[in-house]
Structures are given as structure tokens and as C-alpha cells.
Amino acid sequence: MQTSRSRPRTANAPGAPVRSPLIRPLIVIVVLAVLAVIVAALPASLIRHVLPPFVVADDFSGSIWHGSAGAISLNGRRAGALEWRLHPASLLRLAAAVDLHWVDVSFVADTTADLDRHGMTARNLRGGGPIEDLGALGIAAGWRGAASFELAEVKIGFGAGGVQPLSARGRIEVANLSSPTIANGAMLGGYALQVGDGVELSDTGGPLELRATLHFSATDHTGMLSGTVKARPDAPPALRSQIESLAQMHAPDGAGRIPIELEFNY
């Protein structure tokens, strides 16, 4: 019987390229290593060239990979200092994943965030401190007390007008709250803000019983607080007097709770 003179074909025929399954992972590792060297060598001050126009940063130290800015301002308001640690792998998708530590006087916050030119998504945002330390930012000006927060996710948009809050999920608490404009600065107790599909505000103890919801309008930057309030027996006389004045405008329900509706700007 006549047989073929050609050589039998094999999976590894001479001259055929052999692709190792390790080539692609090795390429990714090399690219990441190069990116890590680049961001570790570049000074942190280069960050100022990619910041939105409403953010000004100065007093830099460290590198783009791990650095800090000791003086930050938002829309002309002092906004504390920021330390960051970049994840180089995120640069492959033209974004930045970064661990952030922010401090303003004694108020601190920590988070892991994804940033691009459109905005920021912060995850596991935690921190707190004295409310009065936020006065320079225009937050709760004149109020005193202690705040703490634990937010699973916060989304913020960057636009020509500045920072635009988009959504949030988590809990914010304040304690020992007071303001010189309310009941002669009497202690108002503690409150919790639960943020999710809606925003609910309730007291955590103190002279006021409060249950309310908040609704926000992103177009005109206004909000509406709607709910009920009631003075507890241990409420200071000045606070009780202000609550009773509300009862003259809105009749209490059967349990003595007074309806409230307050519009505000943010």
C-alpha cells in the first residue's frame, strides 16, 4: 500500500507561533509597572492642572501616586487639606481610583473614590468632627455640635457652576446641637439623617420630638422639610415658647405634634 510522504501535522508544527497563556497577563503587569514608576516620579503639584476651575489647591508635597495638598478652596471658600493615594491600574480606563483623607481643622473624612472629568463617586465615606469647623465652607454656619457620618456611596457631578450633589446612601448624625438663633442657644439634642431612596430626619433624643422628610430641587437649589415637631417635658422655656408659637399657625394633632413645613436653599 502506498503511503503519503508528507509529515504528520502536529499541534506544535515547526514555524507555527506558540502563544503562551501567560503573555497577556505579563503585558498588563509590565504596563502597570511602567505607570507606577511614572506616577511615583511625577510631583504632586501637577494635580493642579487637571482640577476643575472651581477647585484651587496649593502647598503640595509628595507625588501624584501618594501626595497631599495642604490648602484647598472650593468656589473661593477654604476647604481644608487633602491626602491621596492613587491606584495606578485605574489609569488604564482613563479614570482615577484613589484613597482620600480630608481634614479641616478637626473635621476628618476618609473614602475610596472614582474620579473622572464628569464627577466623583465616593464609597465607604466615613468621618466626623465639630460642626463649627465647617463654617468656612458655608455649612451650618453659626451652629455648634458634633457630627458623624457613614455613607455607603455618594455621587457628585462637576459642572461649570461647581460641585453638584447627585445621590447618596447612608446615615448622618449630629449630637449636642445648638444655634444662637434658636431658643437663645439652648441645647437641641441629637438628630439622624437617613439618606437613600428618600431623605428622612428624626431625633435621637433631647428636648424635641421630630419626624420629617426632605425633598430637594436640583434646578433651583432649594429644599423642603415637611413633618411634625413636639416639645418634650424637659424642653427649655425659650425653646418651648418657640414651639408654642408654631402651634398658633398650625394646629397640633391629637398627640400634640405640630405640622411643620420649611423651605431652604442649599
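Of the possible donor and acceptor atoms, none in the side chain of Trp143 sits under 3.5 Å from a partner among the backbone N and O of Pro180. Between the side chain of Ser226 and the backbone N or O of Thr213 there is no donor-acceptor pair closer than 3.5 Å. Between the side chain of Asp58 and the backbone N or O of Ala71 there is no donor-acceptor pair closer than 3.5 Å.
The shortest side-chain heavy-atom distance between Leu100 and Leu82 falls under the 4.5 Å cut-off. With a 4.5 Å cut-off on side-chain heavy atoms, Val98 and Asp114 do not count as touching. Looking at heavy atoms from C-beta onward, Ile260 lies in side-chain contact with Leu225 at the 4.5 angstrom threshold. With a 4.5 Å cut-off on side-chain heavy atoms, Phe149 and Val195 do not count as touching. A heavy-atom distance below 4.5 Å is found between the side chains of Asp104 and Arg78. Proximity of Ile182 to Gln242: side-chain heavy atoms (C-beta onward) are separated by under 4.5 Å at one or more points. Using a 4.5 Å heavy-atom cutoff, the side chains of Glu261 and Met224 are in contact. No side-chain heavy atom of Leu210 sits under 4.5 Å from any side-chain heavy atom of Thr228.
Contact detail for Asp133 and Ser106: the closest heavy-atom pair is OD2-N, 3.0 Å. Here the shortest heavy-atom pairing between Ala109 and Leu125 reads CB-CD1, 4.2 Å. Closest non-hydrogen pair, Ala57 versus Ala69, comes out as CB-CB, 4.1 Å. Here the closest heavy-atom approach between residue Pro259 and residue Ala251 is recorded as CD-O, 3.4 Å. Counting all heavy atoms, side chain and backbone alike, Ala140 lies closest to Ile131 at CB-CG2, 3.5 Å. Closest non-hydrogen pair, Pro236 versus Ala186, comes out as CG-CB, 3.8 Å.
Between the side chains of His66 and Glu83, a donor-acceptor pair is found at a separation under 3.5 Å. With hydrogens and angles left out, the side-chain atoms of Ser68 and Ser61 include a donor and acceptor closer than 3.5 Å. A donor-acceptor contact closer than 3.5 angstrom links the side chains of Thr112 and Asp99.
Around atom CG of Asp197, no more than 12 heavy atoms belonging to other residues, nucleotides or ligands sit under 6.0 Å away. No more than 12 heavy-atom neighbours from other residues, nucleotides or ligands sit within 6.0 angstrom of CZ on Arg144. Applying the 6.0 Å contact sphere to CG of Asp253 captures more than 12 heavy atoms from other residues, nucleotides or ligands.
Using a cutoff of 4.0 Å between basic side-chain nitrogens and carboxylate oxygens, Arg240 and Asp234 are not scored as salt-bridged.
We find the CG-OG distance between Leu137 and Ser73 to be 10.0 Å, quoted to the nearest 0.5 Å. Note that the CG atom of Asn176 and the CG atom of Leu188 stand 10.5 Å from one another [nearest 0.5 Å]. How far CG of Leu208 is from NZ of Lys230: 12.0 Å, rounded to the nearest 0.5 Å. Atom CD1 of Ile258 sits about 9.5 Å away from atom CD of Gln248, to the nearest 0.5 Å. Interatomic distance, Ile172 CD1 to Glu150 CD, rounded to the nearest 0.5 Å: 11.5 Å. Separating the OG atom in Ser45 from the CD1 atom in Ile64 is a distance of 8.0 Å, to the nearest 0.5 Å.
When each of Arg126, Glu173, Arg171 is checked for a side-chain contact (heavy atoms from CB on, under 4.5 Å) with Ser148, only Glu173 meets the rule.
Cluster membership for Phe60 and Leu86, using ILVMFWY side-chain heavy atoms within less than 4.5 angstrom, is shared. Linking ILVMFWY side-chain heavy atoms closer than 4.5 Å, directly or via other members, places Phe107 and Val105 in two distinct hydrophobic clusters. Linking Ile, Leu, Val, Met, Phe, Trp and Tyr whenever their side-chain heavy atoms come within less than 4.5 Å puts Phe216 and Leu201 in one cluster. At a threshold of 4.5 Å between side-chain heavy atoms, the hydrophobic network of Ile, Leu, Val, Met, Phe, Trp and Tyr places Leu166 and Met120 in two separate groups. Criterion: ILVMFWY side-chain heavy atoms under 4.5 Å apart, direct or through other members. Under it, Val103 and Ile72 are not part of a common hydrophobic cluster.
Checked against salt bridge (Lys or Arg N to Asp or Glu O under 4.0 Å), Arg85 has no partners two or more places apart in sequence or in another chain.
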Apply side chain to side chain contact (heavy atoms under 4.5 Å, CB included) to residues Trp102 and Asp110 and explain how you reach the verdict. CA-CA 6 Å; Trp102 174 81; Asp110 292 279; over 6 Å; no

Go through the steps for Arg257 and Val229 under the test side chain to side chain contact (heavy atoms under 4.5 Å, CB included), then give the verdict. CA-CA 5 Å; Arg257 294 184 293 262; Val229 64; over 6 Å; no

Apply side chain to side chain contact (heavy atoms under 4.5 Å, CB included) to residues Asp203 and Arg232 and explain how you reach the verdict. CA-CA 12 Å; Asp203 71 276; Arg232 291 194 169 99; 3.0 Å; yes

